[in-house]
*Asks:* 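Before anything else, here's the structure in question.
When a residue number appears, it is its place in the shown sequence, counting from 1.
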Amino acid sequence: MEYGDILRYVIDILLVTYVVYKLIMLIRGTRAVQLLKGIMVIIITWLLSKYFQLTTLHWLMSQAFTFGVLAIVIIFQPELRRALEQLGRGKLFSRTNTIQDEETVHRVVQEVCKAVTYMAKRRIGALIVIERETGLNDFVETGIAINGRVSSELLINIFIPNTPLHDGAVIMRKDVILAAASYLPLSESSSISKELGTRHRAAIGVSEVSDGMAIVVSEETGQVSFTANGLMNRGLTEEQLAELLTEKLHPALKSKSGSLWQWRRKLNG
């Protein structure tokens, strides 16, 4: 084998590896990961059934492979559409949604907490979702595009009653408000208290299908709730909300600085 052939094979393998790696990064943290785990289970079952000569099980797994391509296209339709959109925009290989900058985390937490406290005192209903690793573009597209830098004033104005954008959810990515009046999936869990309304069910729903977190202000009681991973903390104070947000957005920051609230008071004082 000539040196040129070896070099070509190495470049070919490196390019394929890079593309596969970027595709994995694209779907990391999304619902597609759970689907991929299911596919891996089928593959492992097929290999084991072949090894142990389990004829019927092997035949069933073979049929699953036969129709697997069509099933993957149907199941992964939202992810495939999003990937093609990002490819067209040149963003396929540059996706990063997590907040790494400490100052940005401080500002996001401060602006969100300030807005939530203001609305809670006046019983202004609100639903704010902050995107993490799982992309929320499907839900962003159901709302009205904002694409504005987060501020407490902007958040408050969005949720003022009887305005065009107050009904629905605000979705944020890092320190940018992507959209308002967005529709979210409602949780169907039977364990949710009957006294909780649509906003609370939507907050739990989006946290069940993604790793995003949601803050809810009840217009009936003014109570502040925080939801992540399908679990809701209710009746939070401003300080408790700030601590939870910091812990989720930048865990190392909380352990390093001790208390975000102490930092904020030093900043303002």
*Asks:* Do you reckon W59 sits in the same ILVMFWY cluster as Y51, going by side-chain contacts under 4.5 Å, direct or chained?
*Replies:* yes
*Asks:* Check step by step if side-chain hydrogen bond (donor to acceptor under 3.5 Å, both in side chains) holds for E208 and S187.
*Replies:* CA-CA 8 Å; E208 289 175 339; S187 175; 2.9 Å; yes
*Asks:* Pairing donors with acceptors under 3.5 angstrom, does anything connect the side chains of N147 and R173?
*Replies:* no
*Asks:* Can you find a heavy atom in the side chain of L186 that is under 4.5 Å from one in the side chain of T198?
*Replies:* yes
*Asks:* Is any side-chain heavy atom of S189 less than 4.5 Å from a side-chain heavy atom of I204?
*Replies:* no
*Asks:* Tell me whether the count of non-hydrogen atoms from other residues, nucleotides or ligands lying under 6.0 Å of CD in Q63 goes above 12.
*Replies:* yes
*Asks:* Applying a strict under-4.5 Å side-chain criterion to I, L, V, M, F, W and Y, I'd like to know whether M40 and I42 cluster together.
*Replies:* yes
*Asks:* Could you check if a side-chain atom of L184 sits within less than 4.5 angstrom of a side-chain atom of T142, using non-hydrogen atoms only?
*Replies:*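 No. Closest side-chain heavy atoms not under 4.5 Å.
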*Asks:* Do N229 and M213 have side-chain heavy atoms sitting under 4.5 Å apart?
*Replies:* no
*Asks:* What residues, two or more places apart in sequence or in another chain, satisfy side-chain hydrogen bond (donor to acceptor under 3.5 Å, both in side chains) together with S62?
*Replies:* W46
*Asks:* Any ion pair linking E219 and R123 (charged N to carboxylate O, less than 4.0 Å)?
*Replies:* no
*Asks:* Do the side chains of P185 and F139 get nearer than 4.5 Å, heavy atoms only?
*Replies:*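 Sidechains of P185 and F139: in contact.
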*Asks:* State, yes or no, whether a side-chain contact exists between K248 and L244 at a heavy-atom distance under 4.5 Å.
*Replies:*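 Side-chain contact under 4.5 Å: no.
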*Asks:* Got T45 and K50 here, is their nearest side-chain heavy-atom distance under 4.5 Å?
*Replies:*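 The answer is no, as the side chains (C-beta and beyond) never meet within the 4.5 Å cut-off.
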*Asks:* Could you state the interatomic distance from OG (S207) to CZ (R132), rounded to the nearest 0.5 Å?
*Replies:*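 CZ of R132 is found 11.0 Å from OG of S207.
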*Asks:* Between K114 and L155, does the side chain to side chain contact (heavy atoms under 4.5 Å, CB included) criterion hold? Intermediate values first, please.
*Replies:* CA-CA 10 Å; K114 182 178 178 182; L155 287 171; over 6 Å; no
*Asks:* Which pairs with one or both residues in residues 150-194 pass ring-ring contact (aromatic ring centres under 6.0 Å, His included), sequence neighbours excluded?
*Replies:* none
*Asks:* Same hydrophobic cluster for L231 and L236, using side-chain heavy-atom links shorter than 4.5 Å among ILVMFWY?
*Replies:*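 Not linked; separate clusters.
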*Asks:* Check each of T104, V108, V170 against V150 using the side chain to side chain contact (heavy atoms under 4.5 Å, CB included) test, and report the only one that passes.
*Replies:* V108
*Asks:* Mind running side-chain hydrogen bond (donor to acceptor under 3.5 Å, both in side chains) on E239 and T237 for me, showing each step along the way?
*Replies:* CA-CA 5 Å; E239 181 175 1; T237 64; 5.5 Å; no
*Asks:* To the nearest 0.5 Å, tell me how far S182 OG sits from L165 CG.
*Replies:*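 So the gap between those two atoms works out to 9.5 Å.
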*Asks:* The test is salt bridge (charged side-chain N to carboxylate O under 4.0 Å, His left out); show your working for E238 and K121 and say whether it passes.
*Replies:* CA-CA 11 Å; E238 187 176 0; K121 290 179 179 179; over 6 Å; no
*Asks:* Just wondering, do T227 and V206 contact through their side chains at under 4.5 Å, heavy atoms?
*Replies:* no
*Asks:* Run the numbers on I128 and M172 for side chain to side chain contact (heavy atoms under 4.5 Å, CB included), then give the verdict.
*Replies:* CA-CA 8 Å; I128 302 170; M172 293 174 49; 3.9 Å; yes
*Asks:* Give me the atom names and distance for the closest heavy-atom approach of T163 to I160.
*Replies:* OG1-O, 2.6 Å
*Asks:* Linking I/L/V/M/F/W/Y whenever their side-chain heavy atoms sit closer than 4.5 Å, directly or via other members, would V41 and I43 fall into one cluster?
*Replies:* no
*Asks:* When you check the gap from the basic side-chain N to the acidic O, do R149 and E111 get nearer than 4.0 Å?
*Replies:* no
*Asks:* Counting only heavy atoms not in I144, do more than 12 fall under 6.0 Å of its CD1?
*Replies:*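 Not more than 12 within 6.0 Å, no.
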*Asks:* Check side-chain hydrogen bond (donor to acceptor under 3.5 Å, both in side chains) between S225 and all other residues, then give those that pass, not counting sequence neighbours.
*Replies:* none
